[in-house]
S.K.: 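First the structure, which I've put down as C-alpha cells, then a few questions once you've had a look.
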Amino acid sequence: MTRGISDAACVQAFPRARAGRQKARDGNSIELARRQFLRLTAGAAALPAVSRVARAQTYPTGPVRIVVGFTAGGAFDIVARLMGQWLSDRLRQPFMVENRPGAGTNLATEAVIRAPADGYTLLLCGAANAVNATLYERLNFNFIGDVTPVAGVMRFPNVMEVHPSFPATTVPEFVAYAKANPGKINMGSSGKGTTQHLAGELFKIMTGVDLLHVPYRGAPQALTDLLSGHVQVSFDPLPASIEFIKSGKLRALAVTSAARSEALPDLPSVSEFVPGYEASGWNGVCVPKNTPIEIVEKLNKEINAGLADPKTRATLAALGGMMLAGSPADFGKLIADDTEKWAKVIRAADIKLE
C-alpha cells in the first residue's frame, strides 16, 4: 500500500515533474547552501572565546524584538509571546513580539535578515521557511545562508482529519476508499505550498492516492469548509483542530508526526500505516548571520531553560506540541534537512505559485 519517498518514486507518482537543467542547478544550490549551513552551525562553538564572557554578561542592554510572520492569536504568535515573557523575566529586558504577516512569512524573514546582527532582532522561524526556499523562484535572500540558528522551540504535528460523515475511520480505510474513488475526494488546505498542502501531497506520493487539492486563502476558511463538509479531508495543525476533534465535530484519523502526540495519545501516527511518513511543523529562533556567537549561545541557554520549565512545557503541550530543546547545531540540522525534504516534494508534485 505504501512506498518511501525517493526521487524515483516521486517522479513516477507525478509524471509532470521534470528534472530540467534549471531545477538541477537549483537543487545543487540548495545542497551546497545546506552543507555550508551545517558547517557554520557546527563550527560556531569552536570560535575563540576572547570576549564571550564580557558580551554575554552585558547582553541585552535594551529591548529585543521577536518578529513573527503570522497574525496575532495563532500558534506561532502564542509561542513567541510565551518565550518572549520567559526571556524578559530571565534577562530583565523587554522581548517584544512584532507581527509582520505576508508573503508566506517572507516579509518577516527579510526584515530580520536585513536587521543589524547584534542580537536585538530575533525571528521565530518555522517549516514555512524551509518550504519557501524551493517554493519561491525568486527571493531577496537565501534563508539558510543569511540566518544563524539559535534554538528550536516546538515541534507540532498536523492531524489528518475528515468530516464525520466521511466513510472511513482509519488511515487504511481512507486509502482504500480513495483508491476506489480517484479524484473524488476534496483535500482542503490553507493555501498552495503551505505545510498543510505539502503534508497532503507527501501522503499522496507515498500511498498512491489521487486527492483533489482545494486551496483556501487561510487556515480558518479551510477549517470552516471542512466542518461544513464542503471538503472531506485536511492535514491541519493540531492546535487549531484539537477542540473540534474532542467535541466530535471532526474525526481525526492520525497525526502526521513520526510518533504519537501527548495531546491525543490514543490517536495513531500516519507512519504506523505508511512507514517513513513524517510531516510535522516546527518553530524556533533564528538571528541574522554574523550575530556574535556568545549572544547566540546565551539565547540558546535561556530558551532551553524555558523549555525545561514545567509551566512552559505544560502550556506548549496543551497546544499539541513537543519540545525541541537542543544546540544551535541541532536546530540548524533540522532546518537543513527539512529544506531538502520539502524541495523533493515540491518538485515531484510540480507545485508552483501562480
Side-chain angles (χ1 to χ4, degrees), residues 64-91 94-99 101 105 108 122-130 149-159 161 190 195-196 199 219 223 235-246 252 254-267 269 278-287 298-328 330-335 338:
V64 179
R65 292 187 302 153
I66 304 176
V67 182
V68 180
F70 298 93
T71 55
F76 267 63
D77 180 71
I78 293 171
V79 169
R81 294 182 190 279
L82 183 67
M83 295 310 302
Q85 186 60 56
W86 173 265
L87 292 170
S88 296
D89 293 342
R90 296 274 289 193
L91 300 177
F95 279 69
M96 303 174 297
V97 174
E98 179 180 320
N99 299 95
T105 75
L122 317 180
L123 174 70
L124 187 69
C125 59
N129 295 104
V150 174
V153 175
M154 184 174 81
R155 182 188 287 277
F156 49 92
N158 286 4
V159 58
E161 55 192 3
S190 57
T195 53
Q196 295 96 308
L223 188 57
F235 292 77
D236 286 321
L238 181 56
S241 299
I242 191 166
E243 292 306 320
F244 296 112
I245 294 169
K246 289 182 177 179
V255 292
T256 63
S257 50
R260 297 190 179 198
S261 169
E262 292 182 8
L264 294 171
D266 294 330
L267 189 66
S269 65
E278 199 281 332
S280 58
W282 49 265
N283 55 36
V285 174
C286 286
V287 291
K298 185 169 187 176
L299 286 169
N300 175 269
K301 177 183 176 182
E302 296 299 342
I303 291 170
N304 283 333
L307 296 178
D309 176 70
K311 184 178 178 181
T312 303
R313 291 179 67 89
T315 302
L316 294 177
L319 293 173
M322 297 166 280
M323 306 310 106
L324 265 182
S327 67
D330 293 334
F331 188 41
K333 184 176 186 303
L334 170 63
I335 294 172
D338 246 33

S.K.: With sequence neighbours excluded, what pairs up with F244 under the ring-ring contact (aromatic ring centres under 6.0 Å, His included) test?
M.R.: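 F244: no ring-ring contact (aromatic ring centres under 6.0 Å, His included) contacts found.
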S.K.: Less than 4.5 Å apart, side chain to side chain, heavy atoms only: is that true for V285 and M83?
M.R.: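 A side-chain contact is absent here, since even the closest heavy-atom pair is not under 4.5 Å.
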S.K.: CG/L122 to CE/M96 distance, rounded to the nearest 0.5 angstrom?
M.R.: 11.0 Å
S.K.: What's the shortest heavy-atom distance between V255 and L267, and which atoms?
M.R.: CG1-CD2, 3.7 Å
S.K.: List the atom of V159, the atom of S241, and the distance in Å for their closest heavy-atom pair.
M.R.: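 Here V159 and S241 meet closest at CG1-CB, 4.1 Å.
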S.K.: Please check: side-chain N/O of T256 versus main-chain N/O of A279, any donor-acceptor pairing under 3.5 Å?
M.R.: yes
S.K.: Compare every heavy atom of F235 with every heavy atom of A199, then report the nearest pair and how far apart it is.
M.R.: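 Smallest interatomic distance, heavy atoms only, reads CB-CB, 3.9 Å.
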S.K.: I'd like to know if R313 pairs up with E262 as an ion pair, taking the criterion as any Lys NZ or Arg NE/NH1/NH2 lying under 4.0 Å from an Asp or Glu carboxylate oxygen.
M.R.: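 Between E262 and R313 there is no salt bridge, as every charged N stays at least 4.0 Å from the carboxylate O atoms.
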S.K.: Not counting sequence neighbours, which residues clear side chain to side chain contact (heavy atoms under 4.5 Å, CB included) with D330? List them please.
M.R.: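 Only S327 meet the side chain to side chain contact (heavy atoms under 4.5 Å, CB included) criterion with D330.
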S.K.: Keeping N300 on the side-chain end and G326 on the backbone end, is there a donor-acceptor pair under 3.5 Å?
M.R.: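 Answer holds: yes.
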S.K.: Apply the side-chain contact (heavy atoms from CB on, under 4.5 Å) test between L82 and each candidate in V153, T312, L87; give the one that qualifies.
M.R.: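 For L82, the side-chain contact (heavy atoms from CB on, under 4.5 Å) test succeeds with only one of V153, T312, L87, which is T312.
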S.K.: With heavy-atom distances below 4.5 Å as the criterion, would you say the side chains of N129 and C286 are in contact?
M.R.: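 No. Closest side-chain heavy atoms not under 4.5 Å.
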S.K.: If you compare all heavy atoms of P149 against all heavy atoms of I335, which two are closest, and at what distance to 0.1 Å?
M.R.: CB-CD1, 4.2 Å
S.K.: Does CD in E98 sit with more than 12 non-hydrogen atoms of other residues, nucleotides or ligands closer than 6.0 Å?
M.R.: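 Counting neighbours around CD of E98, more than 12 heavy atoms of other residues, nucleotides or ligands fall under 6.0 Å, so yes.
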S.K.: Does the side chain of R81 reach to within under 4.5 Å of the side chain of D77, using non-hydrogen atoms?
M.R.: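 R81 reaches D77 side chain to side chain.
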S.K.: Would you say S257 and M322 make side-chain contact, with heavy atoms under 4.5 Å?
M.R.: yes
S.K.: Starting at CE of M323, measure out to CG of D309 and round the result to the nearest 0.5 Å.
M.R.: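 Going from CE on M323 over to CG on D309, the span is 11.0 Å.
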S.K.: Strictly distance-based, threshold 3.5 Å: is any side-chain N or O of N99 a donor or acceptor partner for the main-chain N or O of F70?
M.R.: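 Yes; at least one donor-acceptor contact below 3.5 Å.
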S.K.: Hey, are the side chains of V68 and V97 touching, using non-hydrogen atoms and a 4.5 Å cut-off?
M.R.: yes
S.K.: Roughly how far, to the nearest 0.5 Å, is the OG atom of S190 from the CG atom of D236?
M.R.: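 Those atoms lie 7.5 Å apart.
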S.K.: Main chain of L124, side chain of N283: is a donor-acceptor contact present, judged purely on distance under 3.5 Å?
M.R.: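 It does not hold such a pair.
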S.K.: Restricting to side-chain hydrogen bond (donor to acceptor under 3.5 Å, both in side chains), what partner residues turn up for D338, sequence neighbours left out?
M.R.: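 So D338 forms a side-chain hydrogen bond (donor to acceptor under 3.5 Å, both in side chains) with W282, W342.
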S.K.: Nearest 0.5 Å please: distance from the CD1 atom of I303 over to the NZ atom of K298.
M.R.: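 Going from the CD1 atom of I303 to the NZ atom of K298 covers 12.5 Å.
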S.K.: Do L238 and L264 have side chains that get closer than 4.5 Å, going by heavy atoms?
M.R.: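 Counting from C-beta outward, L238 and L264 do come under 4.5 Å.
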S.K.: Within the 4.5 Å heavy-atom criterion, are L91 and V64 side-chain neighbours or not?
M.R.: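 No, side chains not in contact.
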S.K.: Can you name the nearest heavy-atom pair linking A108 to G69, along with the distance?
M.R.: CB-CA, 3.6 Å
S.K.: Looking at E302, is its backbone amide N or carbonyl O close enough to the side chain of W86 to form a donor-acceptor pair, meaning the two atoms are under 3.5 Å apart?
M.R.: yes
S.K.: Below 4.5 Å, heavy atoms only, C-beta onward: do N158 and P237 meet side chain to side chain?
M.R.: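 A side-chain contact under 4.5 Å exists here.
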S.K.: Under the side-chain contact (heavy atoms from CB on, under 4.5 Å) rule, what do F95 and I66 come out as? Steps first, then yes or no, please.
M.R.: CA-CA 7 Å; F95 279 69; I66 304 176; 4.1 Å; yes
S.K.: Quick one: closest heavy-atom pair of A258 and E278, and the distance?
M.R.: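 Heavy atoms only, the tightest pair is N-CG, 3.6 Å.
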